[in-house]
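These notes concern the structure reproduced below.
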Amino acid sequence: MSELLQGLNDRQKEAVLHDRGPLLILAGAGSGKTRVLTHRIAYLIAERDVSPYSIIALTFTNKAAGEMKDRVARLVGPGSESIWVSTFHSSCVRILRRFIDTIGYRTDFVIYDTDDQKALMKEVFKTLGIDPKNTKEKTVLSVISHAKDELIDPARFELEAGPDKHQRMYAACYKEYQKRLKENNALDFDDLIFKTIELFDVNKEALAYYQRRFQYILVDEYQDTNSAQFMLIHMLANHMNENGIIEHNLCVVGDDDQSIYKFRGANIRNILDYEKSYPEAKVIRLEENYRSTGSILDVANEVISHNRERKSKRLWTQNGAGEPVELRCYPDDREEQNAVVGEIAAAVREGLYTYSDFAILYRTNAQSRGFEDKLIFRNIPYKIIGGQSFYQRKEIKDLLAYLRTIASGVDSMAIKRIINVPKRGIGAATIEKLMAYTEERGCSFYEALCSAAFVPGVERAAAKIERFVSLIEGLRTKLEKGFRLRDIIDEILEATQYIDYLGEDDEPDKVAERIENINELISKIADYEDSCEDTNEMPTLAAFLDEITLVSDIDEMESDADKVLLMTIHSAKGLEFPNVYLVGMEEGVFPGYMSINADNPSEEIEEERRLCYVAITRAKEHLYMSYCRQRMLRGDIQMSRQSRFVDEIPRHLLKISGSQLSRKLSDDEGLKRRFGSSYGEDEWGITRDYGEPKKSTRWENPYKKISQTSTGYAAKTGGNTSLDALQSMFAGSVSKGISGASSGDLGYGVGDKVRHVKFGVGTVTAISKGSKDYEVTVEFESGVKKMLASFAKLVKI
DNA sequence: TGTATGGATATTTTT
DNA sequence: TATCCATACA
């Protein structure tokens, strides 16, 4: 027997051994599907003489792709590099970089992220005279995105829009938006898939080339594919071999119970109807779970069994029952946060677990805040996944915009982002005029910049623009000369004095963090260049930019750090943790009120239930679910009831709070005092009275008050001690007021009496240096005013 | 050109 | 409650 089959169960073996033809693997959570996929690939190569070159494996995340690549490499050894293991999007980029010129784009196209899309849509609104008050860019963009998911192009959208006013407006936006993307030689994320299909439609040779090449296609997380991705896969799989037979060597792996991305266009019918698309398909169910205890799986099975639209399946394990799943009820969200964080602290203190053994999962990002406060307060290292990702940070986007500007000749979005960052005195009015010129001449924005001197109305800014253009040109020359990318970045920082610019506003704390981020970007660039050296590839700016626009937060998660992880359930998909706290199990939170009040509640609730199933099955050893009697929601206190998903779990499967909680926390006086020893024993009868929620407890984040007055200190990084926080905050407020008073050229200084045209006589209390002007604080009789020196026209008396 | 401020607005988000 | 945006002033 091949050693590739060792240690696999019968079902898994069957999946690995399956020869030709369509295969659907229904892989329950934790059933070892990555193992099956990687072993299948290895088996094809080792035992069936399939060339690595003719295998493609498609995933949704870089993380999944990376993992699979590593594991296949270990199994296959040299030669595994020629297997395409990548995300849908990167695969499409790769294809398009080679062939997109046949559908009218240049092969050096740029990829627009959400911010770029929004900015572009803003311009579309302006040209079409759409009032952004009545219509939001985001709404239109999501309409367009859904259209693209369904492969509806602007022309067809218009056709189908009919007489409906809104639809017609969307159609107009779609058309204009697409036109502008093309002018910028840009594609958005959805286009990457859409345009690949368009390419295959138009350019049959290209399609035939890839069909011939990819004899074996494997797709991970198949339940999350949308219609466009479905089409793409099926086009590729529709290859007729030399005997005139279409084999459909298409192996898809997925779990309909874990389909949680409907809102992003995922079409659950793709997996439910796989056998309809391919009647000859073989279906294999992987139901043995290697991750969780029996107790956890019992709960998961119970919850998901309430869904109607699903393929029947029941997870089981040889792991043994383990500890029962616990359910807790807390008087309010604050108590929930304290209890969870306190318990983690206690468990680590006792040496039972390390911080990284714990994950706190919630339905909405907003719920992370409270837990974060408590973690900071107790000085527990943590990491919040999601929210603002690294590449969305201002300083990173700015620098990337410089790189993009250098890389592309026609992408205007990037230029507009940085043309006045740091401030160069090129304002909105100037840009407006340049845009008009662009429109008139049919030239690109950059070309307009180059001939700024001839653009009507920008004479005054022309010199400044020229300086900007020569900066970019200089950088381009360096790039062409073969300078390393890391040196180019240094060059940019140097030439623009970017660090100084950052220092001008924001608290010192934030500035330090931003500089930290910039350093991280530089080391990422260096990493990229080094990795290219290893593989003998030419490091190009374009390739680097591709790589990072297609990366996400969770891809970057360092698994070695000992930190408590906090994330939404969506982000947790595919991950596992020894101990999971599933918090906020309340009607209105989870399932969210949006799904409860949706037009098609049953469908939406089923999706939420799948989400719940995903959350439960993340836990390996312990699962703690909790809910609150009342919670602060959008400003006011809301009463809430336990989630219907909790109702769906038979009582005997749950350990409902009780003694263990209070015993565990006996050294935590705060909790003990508040809850009493019998805290939480009465969840099901809502009898016990917890009294009025306390407005402020001793667990309240002590910085909160201060932070509001000192322009909002917010600890974003994990592991800050409270002392650090206080100190840096103090430093921040001090340096804000009195520094930089060396301003002799103003004709007055701190302590001088001055006269203002409108406010009369006052005393200067502070002067601080802005980008190119001084900010003067003056105490008038009518009150304290802050003003820019050049505007204030203050006269010393 | 920058900032202060009021008003609207508030799931989830692999790329 | 907090956050994001467009608009009004200095």
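Below, read A as the first sequence line, B as the second, and so on, with proteins coming before strands; counting in each chain starts at 1.
Listed nucleotides dT13(B), dA6(C), dT11(B) differ in distance to Lys122(A); the shortest reach to its side chain belongs to dA6(C). Side-chain proximity of Met632(A) to the nucleotides dT12(B), dT1(C), dT14(B) is greatest for dT1(C). With dT14(B), dC5(C), dT13(B) as the choices, the nucleotide that has an atom nearest any side-chain atom of Thr61(A) turns out to be dT14(B). Checked against dT13(B), dT11(B), dT14(B), the side chain of Met594(A) finds its nearest nucleotide in dT11(B). Considering only the side chain of Arg369(A), dT3(C) comes nearest among dT14(B), dT3(C), dT13(B).
For residues 184-195 of chain A, the side-chain hydrogen bond (donor to acceptor under 3.5 Å, both in side chains) pairs, not counting sequence neighbours, are Asp108(A)-Asn185(A), Gln117(A)-Asp188(A), Ser145(A)-Asp190(A), Lys148(A)-Asp188(A), Lys148(A)-Asp191(A), Tyr177(A)-Asp188(A), Gln178(A)-Asp191(A), Asn184(A)-Ser412(A), Lys195(A)-Glu198(A).
Shown here is Gln497(A), whose CD atom has more than 12 heavy atoms of other residues, nucleotides or ligands within 6.0 Å.
Of the side-chain N and O atoms in Asn365(A), none sit less than 4.0 angstrom from OP1 or OP2 of dT11(B). Put simply, Thr568(A) has no side-chain N or O that comes within less than 4.0 Å of OP1 or OP2 on dT11(B).
Rounded to an integer number of Å, the gap from CG of Asp188(A) to P of dT14(B) is 16 Å. In this entry the distance linking CZ of Phe60(A) with P of dT12(B) reads 20 Å, nearest Å. Spacing between atom NZ of Lys118(A) and atom P of dC4(C) amounts to 9 Å, rounded to whole angstrom units. Computed from coordinates, the Asp224(A) CG to dT12(B) C1' distance equals 12 Å when rounded to whole Å. For Arg631(A) and dT1(C), the CZ to P distance is 16 Å, given to the nearest whole Å. Taking atom CD1 of Ile385(A) as the reference point, atom P of dT13(B) lies 12 Å away to the nearest angstrom. Residue Asn62(A) contributes atom CG, which lies 11 Å from atom P of dT14(B) at whole-angstrom precision. For the pair Arg618(A) CZ and dT14(B) C1', the interatomic distance rounds to 14 Å; values are reported in whole Å.
Residue-level contact check: Ile426(A) touches the backbone only, with heavy atoms under 4.0 Å from sugar-phosphate atoms and none from bases. Residue Glu608(A) is classed as a base contact, given a heavy-atom separation below 4.0 Å to a base. Using a 4.0 Å heavy-atom cutoff across all strands shown, Ser595(A) reaches at least one base atom of the nucleic acid. Residue-level contact check: Asp190(A) touches neither bases nor backbone, having no heavy atom under 4.0 Å from any strand. As judged by a 4.0 angstrom heavy-atom cut-off over every strand, Lys262(A) is placed among residues making no nucleic acid contact.
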Name the pairs: protein N/O against N/O of nucleotides 8-10 of chain B, kept only if under 3.5 Å.
unit_1, atom_1, unit_2, atom_2, d
dA10(B), OP1, Lys136(A), NZ, 3.3

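Residues satisfying the side chain to side chain contact (heavy atoms under 4.5 Å, CB included) criterion with Ser227(A), sequence neighbours excluded, are Glu150(A), Asn267(A). In this view, Lys394(A) and Asp398(A), Arg417(A), Val421(A), Tyr498(A), Tyr501(A), Arg514(A) satisfy the side chain to side chain contact (heavy atoms under 4.5 Å, CB included) rule, not counting sequence neighbours. Applying the side chain to side chain contact (heavy atoms under 4.5 Å, CB included) rule to Thr139(A) yields the partners Lys136(A), Tyr170(A); only residues at least two apart in sequence or on another chain are considered. Glu432(A) meets the side-chain hydrogen bond (donor to acceptor under 3.5 Å, both in side chains) test with no other residue; sequence neighbours excluded.
Between the P atoms of dC5(C) and dT12(B), the separation comes to 15 Å (whole Å). Nucleotides dT11(B) and dA6(C) are separated by 25 Å at their C1' atoms, to the nearest Å.
Remark: the Arg363(A) side chain and the dT12(B) base include a donor-acceptor N/O pair separated by less than 3.5 Å.
Among Glu604(A), Glu606(A), Glu607(A), Glu608(A), the one residue that satisfies the salt bridge (charged side-chain N to carboxylate O under 4.0 Å, His left out) test with Lys262(A) is Glu604(A).
Checked for salt-bridge contact, Glu587(A) and Arg644(A) meet the test: a charged N lies under 4.0 Å from a carboxylate O.
Base orientation for dT11(B): syn, the chi torsion being within 90° of 0.
Residue order along DNA chain B, read from the 5' end via each residue's closest nucleotide, puts Glu607(A) first among Ser90(A) and Glu607(A).
Under the 6.0 Å cut-off for aromatic ring centres, His146(A) and Phe263(A) do not qualify, their centroids lying 6.0 Å or more apart.
In this structure, Phe263(A) does not pack face-to-face on the six-membered ring of dT11(B), missing the 5.5 Å centre cutoff or the 30° plane limit.
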